[in-house]
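Below is one structure; the comments refer to it alone.
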Amino acid sequence: MRRGRFTEDQIIGVLRAHEAGVKTADLCRKHGISDATFYNWKSKYGGMTVSEAARLRALEDENRRLKKLLAESMLDVSALKDLLGKN
């Protein structure tokens with residue numbers, strides 16, 4: 001998965017600056033991001049603290065790992081069923 005140019009700390013800092021009253025266009029120009037990127041960040045990280053964002057990332061990583069394990073086990077079960085069905 002592609003890692004962005006900005007860390008969660010930086011993203012939350014940009015969002016806090018917006019909450020403090022800085023205009024969206026000024027923030028986007030200053031940080032070199034598009035309006036769409038800003039609003040995606042706002043929908044994902046809006047109202048979060050840095051520790052909550054780190055916890056979110058940890059949960060997403062754990063979820064990704066568990067999905068991979070489930071897919072591998074389902075593949076193993078399917079292969080075993082095919083093998084036993086042919087005998």
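In this chain, numbering begins with 1 at the start of the sequence shown.
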Discussion item. I'd like to know whether Lys44 forms a side-chain contact (heavy atoms from CB on, under 4.5 Å) with Ile11, so could you lay out the CA-CA distance, the side-chain angles of the two residues, the decisive distance to 0.1 Å, and finally the verdict.
Written reply: CA-CA 10 Å; Lys44 186 172 183 178; Ile11 293 169; over 6 Å; no
Discussion item. On a heavy-atom basis, which atom in Cys28 and which in Ser34 lie closest, and how many Å separate them?
Written reply: SG-O, 3.8 Å
Item to complete: Please report the shortest heavy-atom distance between Ile12 and Met48, naming the atom on each side.
Response: CG2-O, 3.8 Å
Worksheet item: Excluding sequence neighbours, so at least two apart, what forms side-chain contact (heavy atoms from CB on, under 4.5 Å) with Leu80?
Response: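 Scan of Leu80 (side-chain contact (heavy atoms from CB on, under 4.5 Å), adjacent residues dropped) gives none.
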Measure the spacing between [atom1] of [X] and [atom2] of [Y] and express it to the nearest 0.5 Å.
X	Y	atom1	atom2	result
Leu15	Phe38	CG	CZ	5.5 Å
Lys30	Asp26	NZ	CG	10.0 Å
Leu66	Asp61	CG	CG	11.0 Å
Gln10	Glu8	CD	CD	10.0 Å

Worksheet item: Which pairs with one or both residues in residues 12-24 pass side-chain hydrogen bond (donor to acceptor under 3.5 Å, both in side chains), sequence neighbours excluded?
Response: His18-Thr24
Worksheet item: Is the shortest heavy-atom distance from the side chain of Phe6 to the side chain of Val14 under 4.5 Å?
Response: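 No - every pair of side-chain heavy atoms lies 4.5 Å or more apart.
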Worksheet item: Taking Glu72 for the side chain and Leu69 for the main chain, is one N or O donor matched with an acceptor at less than 3.5 Å?
Response: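 Answer holds: no.
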Discussion item. For Ser51, give me all partners under side chain to side chain donor-acceptor pair (under 3.5 Å), at least two apart in sequence or on another chain.
Written reply: Thr49
